[in-house]
Amino acid sequence: MPLVRYRKVAILGYRSVGKTSLAHQFVEGEFLEGYDPTVENTYSKTVTLGKDEFHLHLVDTAGQDEYSILPYSFIIGVHGYVLVYSITSLHSFQIIKSLYQKLHEGHGKTRLPVVLVGNKADLSPDREVQAIEGKKLAESWGATFVESSARENQVPHLKTNLVTWLTVSFLTHCLVV
Ligand code: GDP
């Protein structure tokens, strides 16, 4: 009998950075055109690692800003975080830094399983955040970093499929804790 484990992962970041699009790509394998602001939505997917099955619940949040107070439901019972900014918005990158601080404080400063995602990499002519800045920030947290395009389902610099990459990252950083 495989061991089935439940893992809850929250997707946080400023509004319109592509949180819903990433969650949708990960679970459904398709990109949704158009912007429909999310209230809060949960996606489920079962991922297999060796003999173990993980029932993954992805919580797609409404989006946060510098004034957001994180509810307990984003802290208690959450096993890992996907922090998303858009490479076309320096503001969204700055929001991520304050979000991480709040999470860190909420979790009693233990090391957090985090995947940092710089989304909308297909819009690089409009880039406001360099990849090296995202990489350095993630390194300072001991987190994993990737630039992605939810639109193209791609991790451009690795020339790999986004869904595959996210699966591996979730397994190594958010699930095996
Ligand atoms: P959320 O508010 O963070 O959940 O953002 P959404 O997923 O709703 O996306 C906001 C807008 O950005 C929508 O119009 C999406 O179609 C668009 N979008 C999301 N991801 C990408 C991407 O990787 N590339 C491009 N070009 N547009 C994207």
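Ligands are counted one by one from 1 in listed order, and the atoms in each one are counted from 1 as well. Computed over heavy atoms, backbone and side chain alike; hydrogens, waters and symmetry mates excluded. Keep in mind the model is a prediction, meaning the values are calculated, not measured.
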Taking both backbone and side-chain atoms of [X], is any N or O found less than 3.5 Å from an N or O belonging to ligand 1?
{"X": "Ala121", "answer": "no"}
{"X": "Asp60", "answer": "no"}
{"X": "Phe31", "answer": "no"}
{"X": "Arg151", "answer": "yes"}
{"X": "Lys19", "answer": "yes"}

Close aromatic pair by centroid cut-off 6.0 Å: Tyr14 and His91: yes

Sub-6.0 Å ring centroid separation between His79 and Phe54: no

Do [X] and [Y] belong to the same hydrophobic cluster, where Ile, Leu, Val, Met, Phe, Trp and Tyr are linked whenever their side-chain heavy atoms lie under 4.5 Å apart, directly or via other members?
{"X": "Val146", "Y": "Leu123", "result": "no"}
{"X": "Trp141", "Y": "Val115", "result": "yes"}
{"X": "Phe31", "Y": "Leu58", "result": "no"}

With heavy-atom distances below 4.0 Å as the criterion, list the atoms of ligand 1 near [X].
{"X": "Ser149", "result": "23 (O)"}
{"X": "Ser21", "result": "6 (P), 7 (O), 9 (O), 15 (C), 19 (C), 20 (N)"}
{"X": "Asp122", "result": "22 (C), 23 (O), 24 (N), 25 (C), 26 (N)"}
{"X": "Ser16", "result": "1 (P), 2 (O), 3 (O), 5 (O), 10 (C), 11 (C)"}

Aromatic plane relationship, His57 with Tyr6 - under 30° parallel, 30 to 60° tilted, over 60° perpendicular: tilted

Under the side chain to side chain contact (heavy atoms under 4.5 Å, CB included) test, residues paired with His55 that sit two or more places apart: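 By the side chain to side chain contact (heavy atoms under 4.5 Å, CB included) rule, His55 matches Val4, Thr46, Glu53.
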
Residue portion contacting ligand 1 (non-hydrogen atoms closer than 4.0 Å) for Leu123: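 The answer is the side chain of Leu123.
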
For ligand 1, the portion of Thr20 having any non-hydrogen atom under 4.0 Å away: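 The answer is both, backbone and side chain.
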
Salt-bridge criterion met for Glu147 and Arg127 (N-O under 4.0 Å): yes

